[in-house]
There are 2 protein chains.
Amino acid sequence: MPRRVTIGDVAKIAGVHPGTVSRAMNAKTESQVNADTVVRVRMAAKQLGYLPNSIARGLRTSSTMTIGVIIPDLTNPIFPPIVRGIDSYLGPRGYSSVVVNTDSSDVAERSLFESLMQRQVDGFIVATGHSGHSLMREAYDSGVRAVMVNRDSGGVPYPAVVGDDAHGIWASVEHLAGLGHRALTHLEGPSSFSTSRVRAEAFVAACAEMNLEATVIGCAEYSVDEGQRAMDAILETQRTPPTAIVAGNDLLALGVYHSLRAHGLTCPDDVSVVGFNDMPFARDFQPAMTTVRSPYTELGAESARLLLKQIEESVSIAMRVMLPVELIIRDSTGPAR
Amino acid sequence: MPRRVTIGDVAKIAGVHPGTVSRAMNAKTESQVNADTVVRVRMAAKQLGYLPNSIARGLRTSSTMTIGVIIPDLTNPIFPPIVRGIDSYLGPRGYSSVVVNTDSSDVAERSLFESLMQRQVDGFIVATGHSGHSLMREAYDSGVRAVMVNRDSGGVPYPAVVGDDAHGIWASVEHLAGLGHRALTHLEGPSSFSTSRVRAEAFVAACAEMNLEATVIGCAEYSVDEGQRAMDAILETQRTPPTAIVAGNDLLALGVYHSLRAHGLTCPDDVSVVGFNDMPFARDFQPAMTTVRSPYTELGAESARLLLKQIEESVSIAMRVMLPVELIIRDSTGPAR
DNA sequence: ATGAAAGCGCTAACAA
DNA sequence: TTGTTAGCGCTTTCAT
């Protein structure tokens, strides 16, 4: 690559001192410079194709305008919208994000976190929250700025931005009750995730409130196969299977679809199914899936907003922002037999 | 945040000069330092929780160990695996990636590109290739290192890593011909993408070779709605609709599913459908989709490999690496009526 | 094998 | 308003 043009080159062409170029090129200090000097500098810069070196600036200002984003796995369809939401807020404000995937490994997470620290990121947005998150605990203690997104902070006093999962479950149970279902089963996700527990507890509470018979089945992971396995077990064990399933997420619900089909049962005629997340293609499955839509893009944007606020105002409040969710009624739920 | 510990702090504790700490901490220069000095320095570093500041290092070495990744849209399901493939190669080699989304806007792309240049990325992996890619042309002329992935470089002599789409289409056509289909229709994606044209041309060539009647319908974008619209038009226009559709990608194929269903037709009994991409959940649609699987993760990893090679060996060859694809036969294709 | 010193490109405090 | 100067934390050449 040819040598990059620096502030000194611009200064020479414009006939001013490098310091003046710096001031003229920066929106915040531009006012300290004579208007026509600014013009002269800007023209010289354009002429040379000058681009400020943000590495050098970062070294000087100890602010890299970069945010580390830690997620479990980008191929899980809930994360791309979160990441895009984050970028949609950061980009216009001059920040960039660096996204890393932990694959739910604590070891990987720690090493990625350190690598981002070396890169001097100004803060973190973390979507890998779980109870006893020792890494985040230590980060907090050393004054690192961060915001949790989608998951709770597991006791660490960072701000968290989450969807109102409990309300989503209430709406699902209410919908099912309105359809005449009296015995509901919830497929709960891994209990290490705060979201799993929140949803399961809301399910039990909602059923109690509405005088419904509630059963909760634990699933080892959020996956299609695990959902199918769980539903297979229900169908092959219980003599009166439930008429409605509230799945912990859409993947689990999809597994239920497969199980039902394998057992010659139809949805929603035999069993109604509600998912959670409204992931891409939820409307394209057969039947189109009734599910709770979480505002993932907004979750991401809001977490970014909170983080920049924390960075720029140097204050952190352990607030919990809960964004509303919406029950999307499609074709996988119908009247109880 | 508390003041970060620097190489000077470590030097003081270890009782050596900062220069020596630098040499001791760096694998490449470690051999220039006395073995026990290395130990002493390393211990001091660990004790203080020293993490090298890669911004400072980058300024000095003018290498940030960061790669810019330019994609159209992360929520398009083919990109997460590509990005993960890239990271899987980059990560173990000490590189990080910064991913940006252009939403297919040339203006956005240019500004994101510049922002990444300011951040002094060591190179680019670009998935937004299209003919007349002036940005990439200019980048090439200024000596910027880059590799194209998934799409061709549109005339710019950067290396490109693509799937063997033509072979995927051949395999699809062959499969359909073997099932007795004699009249095939291809739903072609936007012609500005090289992939669209490659697939359409392969389709025509394959049909000619196998003495099949071939029809090509152009679609304005790769989307479910567009696929449905195209199939609606076919069904409502032609008196003898085709018995088999080769869709430009899975989204289009999914649109065909919807159209078929809306017209009271069943797949594959009335019409067989082949998709392209084997995107997530392709097996979960009804019927499970026959489709061509592109090795996206490998595409990403290979593009990263080529880029690092280019960076480290300072040579760029306009090579085109074509990775094999695989026809995944599921339930959306069956014997011709 | 280690120390000394310069400098990557920029910003910011201070002077003029 | 503009110039001067120091220095962010690191690497690297040159001495020793």
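So you know, we letter chains A, B, ... as the sequences are listed, proteins then strands, and number each from 1.
Relative to the ring axis of Phe193(A), Arg151(A) places its NZ or CZ within 45° and under 6.0 Å from the centre.
Under the salt bridge (Lys or Arg N to Asp or Glu O under 4.0 Å) criterion, Glu298(A) pairs with no residue at all, not counting sequence neighbours.
From the 5' end on, the contacts that DNA chain C makes with chain A at under 4.0 Å to a non-hydrogen atom open and close at dG9(C) to dA13(C). When DNA chain D is scanned 5' to 3' for any atom under 4.0 Å from a heavy atom of chain B, the first and last hits are dG9(D) to dT13(D).
The two atoms that bring Ala24(A) and Val33(A) nearest to each other are N-CG2, 4.0 Å, heavy atoms only. In terms of heavy atoms, Ser97(B) sits closest to Val98(A) at O-CG1, 3.5 Å.
Each end of the helix from dA1(C)-dT16(D) to dA16(C)-dT1(D) gets its own axis from five base pairs, and the two axes differ in direction by 40°, given to 10 degrees.
Checked for salt-bridge contact, Arg84(B) and Asp103(A) meet the test: a charged N lies under 4.0 Å from a carboxylate O. Between Glu312(A) and Arg93(A) no salt bridge is recorded (no basic side-chain N to carboxylate O distance below 4.0 Å). Using a 4.0 Å cut-off between charged side-chain N and carboxylate O, Arg119(A) and Glu114(A) make no salt bridge. Salt bridge status for Glu30(B) with Arg42(B): present, with a side-chain N to carboxylate O gap under 4.0 Å. Between Arg137(A) and Asp141(A), at least one side-chain nitrogen of the basic residue sits less than 4.0 Å from a carboxylate oxygen of the acidic one, meeting the salt-bridge criterion.
Contacts with DNA chain C (heavy atom under 4.0 Å) in residues 49-56 of chain B: none are found. Contact check of residues 25-41 of chain B against DNA chain C (heavy atom, cut-off under 4.0 Å) returns Gln32(B), Val33(B), Asn34(B), Thr37(B).
Ser62(A) comes within 4.0 angstrom of no nucleic acid atom, judged by non-hydrogen atoms across all strands.
Here the options are Asn76(B), Val69(B), Ile71(B), Ile70(B), the test is side-chain contact (heavy atoms from CB on, under 4.5 Å), and the partner is Asn101(B); only Ile71(B) passes.
Summary of the strand contacts: Arg23(B) and Thr61(A) both lie near DNA chain C, and taking for each the nucleotide with the nearest heavy atom, the more 5' one is attributed to Arg23(B). Mapped onto DNA chain C by nearest heavy atom, Gly15(B) and Gly8(A) fall at different nucleotides, with Gly15(B) at the one closer to the 5' end.
Distance OH/Tyr95(B) to CE/Met65(B): 4.5 Å, rounded to 0.5 Å.
Residues Leu306(B) and Met319(B) have side chains in contact (heavy-atom distance under 4.5 Å, counting atoms from C-beta outward).
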